Each structure stands twice: as structure tokens, then as C-alpha cells.
Engineer: 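Pasting a structure below so you can have a look.
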Amino acid sequence: MSAVVNLVYLSARDRYRVEREDKAGKGFVDFIFYPYRANGKGIILELKVDHTPEEAIWQIKDKDYILRFQSRIGEVPRFTGQILAVGIGYDKKTKEHSCRVEVLRQSLTFADF
């Protein structure tokens, strides 16, 4: 699992500010990727051992981790791009990873302001 995390971090560090165990919504998200560009894709990554990627995505939604990308009322949004939920599951018995990606929010438009 640590190899997957290192690969993700190394491939993303030039385009994202990566936070680990960031307070978000009703809990702590494993990884959150804040794009350097306002219209870049934001990524919420949840890792699960012996659970499915779908369960990881469910946790992202249930705990409202997307709130980290929302601005306060009256503020211009800092992040206007898509927000993706990424769930990665690792099965200790089979030593296999599985992944699911789901769009939580499409890009914002001027009508959204």
C-alpha cells in the first residue's frame, strides 16, 4: 500500500499541494490533492485495506470530505474544477489493489456564482 501512495504522491506533486490526514467534513481524509490551478481537478483519495473501493468512495461522501473544496458564503471559489473521489482497496490475502474513481462535482461555471 505504501508503494501505491508513494507513486501517487510523486506523480502529482508538481500539479497539486498534497495533504495527508487532512481534517475534512466529519473526519480525516487520507489524502487530498489541491490543484495549483483554480480550474484543475481536485482529488480526494481514500485508502482501504480489506475493503472495496466502493466503501472508500462511500466514506468520502458520508463524511463530506468535499467540504474542503468549498469556499465560505460570499467568497469567490478558490477551486472551480472537477472534484474526483478516488477509492483504493487492498486485499491482504490476494495482494491485489482495486480502484474506483467517481466525479463528485463537475466544473463550476459563472452561473454557479
Side-chain angles (χ1 to χ4, degrees):
M1 193 62 111
S2 65
V4 170
V5 171
N6 285 329
L7 178 63
V8 169
Y9 174 76
L10 291 174
S11 64
R13 65 182 173 177
D14 292 335
R15 297 184 316 183
Y16 294 93
R17 178 173 55 90
V18 182
E19 297 290 333
R20 185 175 191 280
E21 293 294 327
D22 198 15
K23 174 77 173 123
K26 297 178 258 179
F28 291 86
V29 62
D30 286 337
F31 287 91
I32 194 160
F33 295 78
Y34 298 102
Y36 288 129
R37 292 186 350 229
N39 64 345
K41 286 185 172 99
I43 301 169
I44 301 168
L45 174 65
E46 188 65 30
L47 306 166
K48 291 288 181 194
V49 176
D50 290 334
H51 292 278
T52 67
E54 290 79 15
E55 289 172 294
I57 301 259
W58 178 86
Q59 179 175 327
I60 290 169
K61 291 176 180 179
D62 183 59
K63 301 275 186 178
D64 290 326
Y65 293 158
I66 195 170
L67 292 176
R68 294 296 293 150
F69 287 99
Q70 293 181 350
S71 300
R72 293 189 177 122
I73 295 173
E75 288 183 344
V76 174
R78 291 179 52 204
F79 305 105
T80 59
Q82 268 187 339
I83 306 297
L84 304 176
V86 178
I88 298 177
Y90 175 73
D91 187 312
K92 285 196 274 188
K93 290 180 185 173
T94 65
K95 308 286 189 227
E96 292 182 358
H97 295 86
S98 53
C99 178
R100 178 177 172 148
V101 178
E102 187 174 310
V103 176
L104 294 178
R105 182 188 81 192
Q106 293 295 338
S107 298
L108 297 178
T109 65
F110 285 107
D112 297 314
F113 303 116

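Being a predicted model, the structure only gives us computed values, none of them experimental.
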Engineer: Of all heavy-atom pairs between Ala56 and Lys48, which one has the smallest distance, and what is that distance?
Structural biologist: CB-CG, 3.7 Å
Engineer: Under the rule for side-chain hydrogen bond (donor to acceptor under 3.5 Å, both in side chains), what residues qualify as partners of Glu96, not counting sequence neighbours?
Structural biologist: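 None.
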Engineer: What's the separation between atom NE2 in His51 and atom CD in Glu46, rounded to the nearest 0.5 Å?
Structural biologist: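 The NE2 atom of His51 sits 10.5 Å away from the CD atom of Glu46.
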Engineer: Where do Gly87 and Pro53 come nearest, in terms of heavy atoms and distance?
Structural biologist: O-CB, 3.3 Å
Engineer: Any link between Leu84 and Leu67 through a network of hydrophobic side chains (Ile, Leu, Val, Met, Phe, Trp, Tyr) touching at under 4.5 Å?
Structural biologist: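 No; Leu67 is not reachable from Leu84 via cluster members.
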Engineer: Please enumerate all residues that pass side-chain contact (heavy atoms from CB on, under 4.5 Å) together with Asp14, with sequence neighbours excluded.
Structural biologist: none
Engineer: How far apart are the C-alpha atoms of Lys41 and Tyr16, what are their side-chain angles, what is the distance that settles it, and do they pass the side-chain contact (heavy atoms from CB on, under 4.5 Å) test?
Structural biologist: CA-CA 9 Å; Lys41 286 185 172 99; Tyr16 294 93; 3.9 Å; yes
Engineer: Supply the members, apart from Leu104, of the Ile/Leu/Val/Met/Phe/Trp/Tyr cluster built from side-chain contacts under 4.5 Å; use none for a lone residue.
Structural biologist: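 Val29, Ile32, Tyr34, Ile44, Ile60, Tyr65, Ile66, Phe69, Phe79, Ile83, all in the cluster of Leu104.
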Engineer: Once salt bridge (Lys or Arg N to Asp or Glu O under 4.0 Å) is applied, what residue pairs with a partner in residues 51-60 remain, sequence neighbours excluded?
Structural biologist: Glu54-Arg100
Engineer: Going hydrophobic residue to hydrophobic residue with side-chain gaps under 4.5 angstrom, can you get from Val18 over to Phe28?
Structural biologist: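 In one cluster with Val18: Phe28, no.
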Engineer: Working to the nearest 0.5 Å, report the span between NE2 of His97 and NZ of Lys95.
Structural biologist: 10.0 Å
Engineer: Can you name the side-chain hydrogen bond (donor to acceptor under 3.5 Å, both in side chains) partners of Arg15, sequence neighbours left out?
Structural biologist: none
Engineer: What residues, two or more places apart in sequence or in another chain, satisfy side-chain contact (heavy atoms from CB on, under 4.5 Å) together with Arg20?
Structural biologist: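 Partners of Arg20 by the side-chain contact (heavy atoms from CB on, under 4.5 Å) criterion, ordered by chain and then number, come out as Phe31.
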Engineer: Can you sort out the partners of Lys61 under salt bridge (Lys or Arg N to Asp or Glu O under 4.0 Å), two or more places apart, ordered by chain and number?
Structural biologist: Glu102
Engineer: Taking atom SG of Cys99 and atom CD1 of Ile57, what is their separation to the nearest 0.5 Å?
Structural biologist: 7.5 Å
Engineer: So which pairs with a foot in residues 24-39 pass salt bridge (Lys or Arg N to Asp or Glu O under 4.0 Å), sequence neighbours left out?
Structural biologist: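 Listed by first then second residue: Lys26-Asp64.
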Engineer: Return the set of residues passing salt bridge (Lys or Arg N to Asp or Glu O under 4.0 Å) with Glu21 (not counting sequence neighbours), or none when no residue passes.
Structural biologist: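 With sequence neighbours excluded, Glu21 shows a salt bridge (Lys or Arg N to Asp or Glu O under 4.0 Å) to no residue whatsoever.
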Engineer: Who are the salt bridge (Lys or Arg N to Asp or Glu O under 4.0 Å) partners of Arg68, not counting sequence neighbours?
Structural biologist: Asp22
Engineer: Hey, what else clusters with Tyr36 if you join Ile, Leu, Val, Met, Phe, Trp, Tyr whenever side-chain heavy atoms sit under 4.5 Å?
Structural biologist: none
Engineer: Is there a path from Phe33 to Val101 through hydrophobic residues (I, L, V, M, F, W, Y) whose side chains come within less than 4.5 Å of each other?
Structural biologist: yes
Engineer: Looking only at heavy atoms, what is the nearest atom pair of Ile43 and Val86, with distance?
Structural biologist: CG2-CG2, 3.7 Å
Engineer: Which residues pass the side-chain contact (heavy atoms from CB on, under 4.5 Å) test with Lys92, sequence neighbours left out?
Structural biologist: Val49, Asp50, Tyr90
